[in-house]
Amino acid sequence: DTAVSQTPKYLVTQMGNDKSIKCEQNLGHDTMYWYKQDSKKFLKIMFSYNNKELIINETVPNRFSPKSPDKAHLNLHINSLELGDSAVYFCASSQATYGYTFGSGTRLTVV
Amino acid sequence: GENVEQHPSTLSVQEGDSAVIKCTYSDSASNYFPWYKQELGKRPQLIIDIRSNVGEKKDQRIAVTLNKTAKHFSLHITETQPEDSAVYFCAASPLNGQNFVFGPGTRLSVLP
């Protein structure tokens, strides 16, 4: 069983569209995250979500919104997609003092 | 907030040689320092970590050292092999395992 799963793996869409990326973890972890990895491979945190507490990186545009229906899921919704949103988006989860487990990533291409 | 720097950005070594990647961090409250390896087209995977109460940790060919006073930590890979070629990320966590701040990554190439 995959510990942290993301869907879809690839997403190609036009500018202005709204899209969602889903993430599920079966590790029982308390905290989930979304990271954006740009073309230069920088990993930047977008959101973390722990026990209904959402911490937002202030640099993230409000077109991006996380939604967590339960502890095992943290989905990412993106409105009005822009060319600069093209990147690989990684979901991750963690528990207390242990490191992250990353999902396999979603490559988003906005055309 | 925490800021993590990482050097070098690229590193090429001959197979069998050692590789060293260094990171510095700014927040003295950080107490957990993991290292991740990301192969091309794949997810980052944890390879080793160290906590602030330890100065060195080793796992087979990889080791990490931490100097809390100077706020820097390093990854050492000995007897490098072609499969060690990847991008390596260091990270620092001020919340004991959560909300990592990653360094910008080091692209390691091991030449046969």
Side-chain angles (χ1 to χ4, degrees), chain A residues 2-7 9-10 21 23 25 27-51 53-60 66 71 74 87-109, chain B residues 1-6 8-11 21 23 27 29-54 57 59 62 64 73 75 85-109:
Chain A
T2 303
V4 181
S5 60
Q6 287 179 236
T7 54
K9 191 169 176 63
Y10 301 96
I21 306 172
C23 179
Q25 56 98 0
L27 299 168
H29 286 173
D30 285 336
T31 307
M32 296 184 71
Y33 311 84
W34 279 103
Y35 276 82
K36 178 181 180 181
Q37 186 170 46
D38 61 22
S39 58
K40 294 184 178 179
K41 300 297 185 185
F42 289 168
L43 275 166
K44 291 189 177 178
I45 190 166
M46 301 177 71
F47 305 100
S48 68
Y49 198 84
N50 181 332
N51 292 329
E53 180 189 10
L54 177 65
I55 300 174
I56 302 171
N57 184 326
E58 60 189 14
T59 67
V60 175
K71 193 171 117 172
L74 184 65
V88 179
Y89 292 83
F90 284 99
C91 175
S93 69
S94 72
Q95 176 74 18
T97 59
Y98 298 96
Y100 288 5
T101 300
F102 281 92
S104 57
T106 296
R107 183 174 294 277
L108 171 66
T109 303
Chain B
E2 176 68 277
N3 181 51
V4 178
E5 296 185 354
Q6 184 172 346
S9 57
T10 59
L11 177 61
I21 302 169
C23 289
D27 189 344
S30 289
N31 54 18
Y32 176 68
F33 307 92
W35 285 88
Y36 284 79
K37 175 184 180 182
Q38 186 177 26
E39 297 176 16
L40 188 62
K42 296 191 176 179
R43 74 189 78 190
Q45 293 199 300
L46 179 70
I47 56 172
I48 196 167
D49 56 11
I50 192 166
R51 301 181 194 282
S52 58
N53 57 347
V54 175
K57 184 176 178 180
D59 182 3
I62 59 173
V64 57
F73 56 112
L75 178 71
S85 296
V87 178
Y88 290 81
F89 294 95
C90 63
S93 170
L95 287 177
N96 209 24
Q98 300 183 23
N99 292 355
F100 294 177
V101 175
F102 284 89
T106 296
R107 185 177 299 278
L108 173 65
S109 300

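To find a chain, count down the sequence lines: A is the first, B the second, and so on, and within it residues start at 1.
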How about A:Gln37 and B:Phe102: do any of their side-chain heavy atoms sit closer than 4.5 Å?
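No - every pair of side-chain heavy atoms lies 4.5 Å or more apart.
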By a 4.5 Å heavy-atom criterion (distance strictly below it), what part of [X] contacts chain B: side chain, backbone, both, or neither?
| X | result |
| --- | --- |
| A:Ser104 | both |
| A:Asp30 | neither |
| A:Val88 | neither |
| A:Phe90 | side chain |

Parallel, tilted or perpendicular, as decided by the 30° and 60° cut-offs, for the rings of A:Tyr100 and B:Phe100
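Parallel.
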Under a 4.5 Å heavy-atom cut-off, does chain A meet the side chain of B:Gln45, its backbone, both or neither?
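For B:Gln45, there is no contact with chain A at all, as no heavy atom is under 4.5 Å.
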Let me know if B:Pro34 has heavy atoms under 4.5 Å from chain A in its side chain, its backbone, both or neither.
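Neither part.
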Chain B: which of A:Ser48, A:Ala92, A:Gly103, A:Gly105 shares the most heavy-atom pairs with it under 4.5 Å?
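Highest number of pairs under 4.5 Å: A:Gly103.
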Among B:Gly103, B:Pro44, B:Gly1, B:Ser9, which residue has the highest count of heavy-atom pairs closer than 4.5 Å to chain A?
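The residue among B:Gly103, B:Pro44, B:Gly1, B:Ser9 with the greatest pair count is B:Pro44.
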